[in-house]
Amino acid sequence: MCHTTLPENYIEYDKIDLQHNKKHFWLVQLISIIIMVVMLVVGYFICPTVYNDNSYWSIIALIVLVIGYVLYIILHEATHGIVMRLSVKAKLNFGFKGWAAYAGSTGYFDKKHYIVIALAPLVLWGIIFAVLNVFLNDGVWFAVVWILQIGNVAGASGDLFCTYKMLRYPKDILVLDTGMDMTVYRKMTEEEIEENKKAEMPEEVNEVLSGD
């Protein structure tokens, strides 16, 4: 279940910051580069003439590709935002930080919902571009759609990394995603709750309860 505010007895468990955590940042970049290289090679074998077309249409296709990719970035983040909003009615925020676009929310998402949020653009636009490539299966227009598909899959390397992390977390986590970083909370154990209650009690009450 998702929440507009953090429920009682939840504490911070982990933080995912793909911007400032250099180890995670470069891992995501490496994954993205590997995906791009593999898909470029696959695209060549699907359509061998795709990178050798010097016709007049290639100039128009390049313009369409640039405009299309800008629109795709906006739609990618909008897809995150729509699924966030459908999961919980909390405030959304969108923006750019340097080269990266982001979508965030003030809501707290459970594990299943957050995995759906993370993977929604990859799956939705992956299907759309795949269908387009069935019809645009030759020449520069195949290349336009295929490169958009590469951007979709390689650009989702951060989402794939977050999904991998989510799968390794306990099932009762909640995630706050500001757009630039994710704070993961877990539910306190019964023992931790009791310890927390004791810590909040006045010292005199604790002494009485302990029999001192």
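Remark: side-chain polar atoms of Arg85 are not paired, donor with acceptor, to backbone N or O of Leu92 under 3.5 angstrom. Ser32 contributes no side-chain N or O that, together with a main-chain N or O of Val28, makes up a donor-acceptor pair within less than 3.5 Å. Put simply, the side chain of Trp26 never gets that close to the backbone of Asn21: no donor and acceptor are under 3.5 Å apart. Although no hydrogens or angles enter the test, the distance criterion places no donor-acceptor pair under 3.5 Å between the side chain of Lys111 and the main chain of Leu174. Between the side chain of His80 and the backbone N or O of Ala120 there is no donor-acceptor pair closer than 3.5 Å. In this structure a side-chain-to-backbone donor-acceptor pair under 3.5 Å is missing from Glu12 to Tyr185.
The shortest non-hydrogen separation linking Tyr169 to Val184 is CE1-CG2, 3.7 Å. Across all their heavy atoms, Ser105 and Met84 have their closest contact at CB-SD, 3.7 Å. Counting all heavy atoms, side chain and backbone alike, Cys162 lies closest to Met182 at SG-SD, 3.5 Å.
Both Val38 and Leu160 sit in one connected hydrophobic cluster of ILVMFWY residues. Membership requires side-chain heavy atoms under 4.5 Å apart, directly or through other members. Neither Met188 nor Leu6 shares a network with the other; the hydrophobic side chains, linked directly or stepwise wherever heavy atoms of I, L, V, M, F, W or Y lie under 4.5 Å apart, form separate groups for each. Following chains of ILVMFWY side-chain contacts shorter than 4.5 Å, one can reach Val144 starting from Leu75, so the two form part of one hydrophobic cluster. Hydrophobic clustering (ILVMFWY, side-chain heavy atoms < 4.5 Å, transitive): Tyr114 and Tyr164 are in distinct clusters. In the hydrophobic clustering of this structure, Val70 does not group with Phe129; members are Ile, Leu, Val, Met, Phe, Trp, Tyr whose side-chain heavy atoms approach within less than 4.5 Å, directly or through other members.
In this structure, Tyr72 and His76 have perpendicular ring planes: the angle between them is above 60°, well past the 30° mark.
There is no side-chain donor-acceptor pair under 3.5 Å between Thr106 and Lys91.
In Lys187, the NZ atom is not crowded: 12 or fewer heavy atoms of neighbouring residues, nucleotides or ligands sit closer than 6.0 Å. Crowding of Lys89 atom NZ: a count of heavy atoms from other residues, nucleotides or ligands under 6.0 Å not exceeding 12.
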Between Arg186 and Asp14, is the salt bridge (Lys or Arg N to Asp or Glu O under 4.0 Å) condition met? List the steps. CA-CA 9 Å; Arg186 68 166 176 84; Asp14 197 8; over 6 Å; no
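The shortest side-chain heavy-atom distance between Trp141 and Val64 falls under the 4.5 Å cut-off. Counting heavy atoms from C-beta on, the side chains of Leu122 and Val153 come closer than 4.5 Å. For the pair Pro170/Tyr13, a side-chain contact is recorded, criterion being any heavy-atom separation below 4.5 Å from C-beta on. Ile147 has its side chain within reach of Leu65: a pair of non-hydrogen atoms, C-beta onward, lies under 4.5 Å apart.
Between Phe109 and His113, the ring center distance fails the sub-6.0 Å criterion. Aromatic rings of Tyr102 and Phe94 (six-membered ring for Trp) have centroids beyond the 6.0 Å cut-off, not under it.
The line from NE2 of His3 to CG of Leu176 is 13.0 Å long, rounded to the nearest 0.5 Å. With values rounded to the nearest 0.5 angstrom, Ile173 atom CD1 is found 11.5 Å from Thr183 atom OG1.
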